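Comments concern the structure below.
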Amino acid sequence: QVQLVESGGGLVQAGGSLRLSCAASGGAFSSYAMGWFRQAPGKGREFIAAITWSGGIIYYADSMKGRFTISRDNAKNTGYLQMNDLKPEDTAVYYCAAGQRIATIATDFGSWGQGTQVTVSS
């Protein structure tokens, strides 16, 4: 099973940008679909975006379209989430996940990273 490690989180002012990375090891990353989710304090895990192993199909949550962009580089075993025009309500722990097929539901992904904190100040 693939192991995932997120990085790139931090503190940013409203309107700023961050790029999260998800480094994979221990498995054939290029054969997995990948997703990004987030969880704010007191809330459930929220779907952001997902991408097939080839990058040919991408799903976004409606509320994330236009500001967030998912991508992957299979040669580097790394996935990315570019986040622009960040808002205080984007503050959450962000997780990447890998699964056998592209999905929008957290339980459809079998491997998860430990998460990276993103804090957006107003």
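Note that the coordinates shown come from a computational prediction; the quantities given were computed from them, not determined experimentally.
Counting heavy-atom neighbours within 6.0 Å of Lys76 NZ, excluding the residue itself, gives a total of 12 or less.
Screening Tyr95, Phe37, Phe47 against Phe109 for a ring pair (Phe, Tyr, Trp, His ring centres under 6.0 Å) leaves a single residue, Phe37.
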Evaluate the side chain to side chain donor-acceptor pair (under 3.5 Å) criterion for residues Ser111 and Gln1: first the C-alpha distance (whole Å), next the side-chain angles of each, then the deciding distance (0.1 Å), finally the verdict. CA-CA 7 Å; Ser111 298; Gln1 198 169 16; 3.2 Å; yes
Quick one, Ser17 with Asn84, criterion side chain to side chain donor-acceptor pair (under 3.5 Å). Give me CA distance, side-chain angles, the key distance, then yes/no. CA-CA 4 Å; Ser17 298; Asn84 298 326; 3.0 Å; yes
The test is side chain to side chain donor-acceptor pair (under 3.5 Å); show your working for Tyr94 and Arg38 and say whether it passes. CA-CA 4 Å; Tyr94 284 69; Arg38 69 185 184 185; 3.0 Å; yes
Glu6 vs Gln114, side-chain contact (heavy atoms from CB on, under 4.5 Å): CA-CA, chis, key distance, verdict: CA-CA 7 Å; Glu6 303 94 337; Gln114 83 289 348; 3.0 Å; yes
Checking side-chain contact (heavy atoms from CB on, under 4.5 Å) for the pair Glu46/Ser63: CA distance, chi angles, key distance, verdict? CA-CA 11 Å; Glu46 180 182 23; Ser63 60; 4.2 Å; yes
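Cation-pi check for Arg45 over Trp112 is met; the charged atom lies under 6.0 angstrom from the ring centroid and within 45 degrees of its normal. With Tyr60 as the aromatic partner, Arg67 does not meet the cation-pi criteria of under 6.0 angstrom to the ring centre and within 45 degrees of the ring axis.
The shortest side-chain heavy-atom distance between Leu11 and Val120 does not fall under the 4.5 Å cut-off. Contact of the Val5 side chain with the Gln3 side chain is not registered, since no non-hydrogen atoms from C-beta on lie closer than 4.5 Å. At a threshold of 4.5 Å between non-hydrogen side-chain atoms, the residues Thr69 and Leu81 do not count as touching.
Hydrophobic clustering (side-chain heavy atoms under 4.5 Å, transitive across Ile, Leu, Val, Met, Phe, Trp, Tyr) keeps Tyr59 apart from Phe68.
The two residues Thr78 and Ser21 come nearest to each other via the heavy atoms CG2-CB, 4.2 Å.
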